[in-house]
Number of protein chains: 4
Amino acid sequence: MGGSTAPHRGNRHGRSEEARQAVLEAADDLLAERGFAGVTIEGIAARAGVAKQTIYRWWPSKVDVLLEAFTEDMAEHLTPEDHGDLGTELRTHLARLAEFLTGSDPGAVFRALAGQAQHDPQLAARLRDDHLSGQRDRDRAPLLRAVERGELPADLDVDVALDQLVGPIYYRVLVTGSPVPRTFTDDLVAAFLHRHQH
Amino acid sequence: MGGSTAPHRGNRHGRSEEARQAVLEAADDLLAERGFAGVTIEGIAARAGVAKQTIYRWWPSKVDVLLEAFTEDMAEHLTPEDHGDLGTELRTHLARLAEFLTGSDPGAVFRALAGQAQHDPQLAARLRDDHLSGQRDRDRAPLLRAVERGELPADLDVDVALDQLVGPIYYRVLVTGSPVPRTFTDDLVAAFLHRHQH
Amino acid sequence: MGGSTAPHRGNRHGRSEEARQAVLEAADDLLAERGFAGVTIEGIAARAGVAKQTIYRWWPSKVDVLLEAFTEDMAEHLTPEDHGDLGTELRTHLARLAEFLTGSDPGAVFRALAGQAQHDPQLAARLRDDHLSGQRDRDRAPLLRAVERGELPADLDVDVALDQLVGPIYYRVLVTGSPVPRTFTDDLVAAFLHRHQH
Amino acid sequence: MGGSTAPHRGNRHGRSEEARQAVLEAADDLLAERGFAGVTIEGIAARAGVAKQTIYRWWPSKVDVLLEAFTEDMAEHLTPEDHGDLGTELRTHLARLAEFLTGSDPGAVFRALAGQAQHDPQLAARLRDDHLSGQRDRDRAPLLRAVERGELPADLDVDVALDQLVGPIYYRVLVTGSPVPRTFTDDLVAAFLHRHQH
DNA sequence: TGTTAACCGAGACGGTACGTCCTGTCTTTAA
DNA sequence: TTAAAGACAGGACGTACCGTCTCGGTTAACA
């Protein structure tokens, strides 16, 4: 955080970073404490010590607040590392994905947003285009590297392969609610490698 | 005439089947027309020509109305048939599941309920226990029959297998929003058979 | 009227008399304590222990609440008595009017409504037609009786006469804020009698 | 001060006359177009092309803006002329007063301020002391001159007389909303002269 | 000839109240 | 006993203004 970033409260440069952070935190906290229905604009405003109008000025709705909170949190997670070994990379990455979705605070926010997206096609599109597509690109990377290395066939349909790898994880998280242990994700990788590596 | 079936409006003989049907239909219609947020108790009552109290008397909440509407619709669908051939059964069944989830009215209700379940653990549990578990039992049948016939190894973890088969379908439906064509479901079956039928 | 008026709280017969009274009293109290600007729908609702919607259901605006409160209070006051003597009647009546306008709670409500009527022509019309015209008819009575008795000329313009009698009182109340002592009202009567009873 | 009042925009010597005039005009226009409730600081600022802060810097509230606008407009009107004849002076003056109150733009501002004064005792006092007392002094002049000339008795209570002369006019303007024709004001003068001139 | 101080526009801020909508509870009359 | 009707207390919605504040720009007097 170099130097100044003067803490201004309302001026012509624009918005108050202080207020913005307070809103995002309040939304996160309320989601964790009371669930999605417990997140209200009035509640966020009250907890953040902020005027309702300040929220409406910058976010069209409460899901946009959560979306921004989610984006901030998700950035650092879930970038698969380049180990030079497909199996290891996939096992590590899927395990991290499972942990993110089931065990982290931003994972809870994601589940809420994914749920709301079922009611709101616009949100669904936004969630996919602005937030999940980047993640999907990162997911794709290990497979593409493996294709380049010759570990996987050149004609592999990467998107289908990806759906088979991560689909069961999301399914457990969003539908069955079962835990997603390491054995489960490892087994997904094993099935994948068994089919595609000779 | 045997028994009642008289179209009564408020009487001493028990609940009005007329009102019940009107409520379920109104809820279905509203969901289709305005989405989940457009389904309100007041809206259902007004459209069904029914008093709010009548709804509250028989259903604890609007999701219960939808749940009941969903149950009625889902019964007929999705019972895998016994063809004596695992591959055929699975291909047919997964294709029907995909069509149900993406293309039918009750599929839309399911998506809404699954979405709401992300916000409401009690609903999630109820959805799983009362509605999806039966379906999952039906899903399991072809695999169990195949194990009995010796087409699949006796030590197969049927639940894990099932998650790998249907998970990618739900993932596309609930998360990516991609279409789920026959090629996709057939490929899931192919991958499964390739692994487990040497 | 007669008999019961059972104290019901919300039913198909109609409104809760309990709530109605609570609203009128709360509005009166708030006006007395905090002035017109301190009378808000939210404030009335909170003090009356009533939902905002209940107020909006029955009154279009806060001035309508005050108007109704005013009407209830004003009925009993200000009916000039028939003494058979014009001078006595007028002196008594004008003194009572002055006291009503300057010294009573409903007088304060009237002043607030008259003030608001300067901003709102519709309110002005309503105030005149529904509330003051009746009072004006009562004011007119002594003069008409005197005309019948021959105490006043038959061609007297009663409206002009009335304006000359009560106008200075309202002027002091609404514009100069001066007190309106008995001597002032008596003098108005004296001037009037001096002119019209040679 | 002397002379120029150069049209400066922002400098250390004082306020912008340009901004001041724009604010006063905007307030006047808004009052005429939308009524008192339609006059808001934000609205004045927007219409005048002025910052809210500029208004708050120079006027404590919107009524102060209107008060100043009113003062500017009222000065030229309503100074009774010295004709040497009481009846003529009074008739002319009351007719002008009636016209001012009912027919002019500043009259509309006056009515709004008088209305607001019913809700706000401080405003009422200010209106009386700073604005109406001067007018009242001017109103008094013809009577005092007549007393000096011997046209009126020396012991006349001028304030009471004045209230009887102008009170009915204000009453019609503020309460009954009736028109105030020349016959009405002439009749007031006639009644007054009939009583006080032998 | 810069420096500086007063005023300007712009507009974000924490708030209050608005009027609307929906919730879940209640009480009544009719069948 | 159930139904339709609908009033009730409550609470969140999104909007409009309030009065305060901080900012960058302009301009004249003074250094």
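None of these values were measured; they are calculated from a predicted model. Numbered from 1 within each chain, the chains take letters A, B, ... in sequence-line order.
Atom CZ of R111(D) and atom CD of Q116(D) lie 15.0 Å apart (nearest 0.5 Å). Here the straight-line distance linking atom CD1 of I55(A) with atom NZ of K62(A) works out to 12.0 Å at 0.5 Å rounding. Taken to the nearest 0.5 Å, the CG atom of L67(C) stands 11.5 Å off from the CD atom of E72(C).
Contacts of E25(B) classified as side chain to side chain contact (heavy atoms under 4.5 Å, CB included), with partners at least two apart in sequence or in another chain: Q21(B).
Closest non-hydrogen pair, V65(A) versus L24(A), comes out as O-CD2, 3.6 Å. Here the shortest heavy-atom pairing between A117(A) and L127(A) reads CB-CD2, 4.2 Å.
If you measure from atom CZ of R47(C) to atom P of dA9(F), you get 17 Å, rounded to the nearest angstrom. If you measure from atom CD of E18(C) to atom P of dC26(E), you get 15 Å, rounded to the nearest angstrom. Atom C1' of nucleotide dA7(F) and atom CD of Q21(C) are separated by 17 Å, given to the nearest angstrom. dC7(E) atom P lies 14 Å from atom CD of E17(D), rounded to whole Å. We find that CZ of R20(A) is positioned 14 Å from P of dG14(E), with the value rounded to whole Å. To the nearest angstrom, C1' of dA12(F) lies 12 Å from CD1 of I44(A). Here dG14(E) presents its C1' atom at 16 Å from CZ of R15(A), a figure rounded to the nearest Å. Rounding to whole angstrom units, CD1 of residue I55(C) and C1' of dA7(F) are separated by 14 Å.
Listed in residue order, the members of residues 26-38 of chain C having a heavy atom less than 4.0 Å from DNA chain E come to none. Of the residues in residues 58-68 of chain C, none has a non-hydrogen atom less than 4.0 angstrom from any atom of DNA chain E.
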Measure all distances between protein nitrogen or oxygen atoms and nitrogen or oxygen atoms of nucleotides 20-22 of chain E, and list the pairs falling under 3.5 Å.
{"unit_1": "dC21(E)", "atom_1": "N4", "unit_2": "Q53(C)", "atom_2": "OE1", "d": "3.3"}

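H119(B) places a side-chain N or O within donor-acceptor distance of the main-chain N or O of A112(A), the cut-off being under 3.5 Å.
Relative to the side chain of A51(D), the nucleotides dG10(F), dG9(E), dA3(F) differ in distance, and dG9(E) lies closest.
Between A48(B) and V39(A), the residue anchored nearer the 5' end of DNA chain F, judged by the nucleotide with its closest heavy atom, is A48(B).
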Distance-only donor-acceptor pairs under 3.5 Å for side chains of residues 34-49 of chain D, two or more places apart:
{"unit_1": "T40(D)", "atom_1": "OG1", "unit_2": "G43(D)", "atom_2": "N", "d": "2.8"}
{"unit_1": "E42(D)", "atom_1": "OE2", "unit_2": "K52(D)", "atom_2": "NZ", "d": "2.9"}
{"unit_1": "R47(D)", "atom_1": "NH1", "unit_2": "E33(D)", "atom_2": "OE2", "d": "3.4"}
{"unit_1": "R47(D)", "atom_1": "NH2", "unit_2": "E33(D)", "atom_2": "OE1", "d": "2.7"}
{"unit_1": "R47(D)", "atom_1": "NH2", "unit_2": "E33(D)", "atom_2": "OE2", "d": "3.2"}

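Geometrically, R20(B) does not engage W58(B) in a cation-pi contact, judged by NZ or CZ lying under 6.0 Å from the ring centre and within 45° of the ring axis.
OP1 or OP2 of dA9(F) has at least one side-chain nitrogen or oxygen of T54(C) nearer than 4.0 Å. Side-chain nitrogen and oxygen atoms of R57(D) include at least one within less than 4.0 Å of the OP1 or OP2 phosphate oxygen of dC8(E).
The stretch residues 115-130 of chain C participates, sequence neighbours left out, in these salt bridge (Lys or Arg N to Asp or Glu O under 4.0 Å) pairs: D64(C)-R126(C).
Contact of the T54(D) side chain with the W59(D) side chain is not registered, since no non-hydrogen atoms from C-beta on lie closer than 4.5 Å. Using a 4.5 Å heavy-atom threshold, the side chains of D28(D) and D105(D) count as separate.
Among the heavy atoms of the strands, none lies under 4.0 Å from G43(D).
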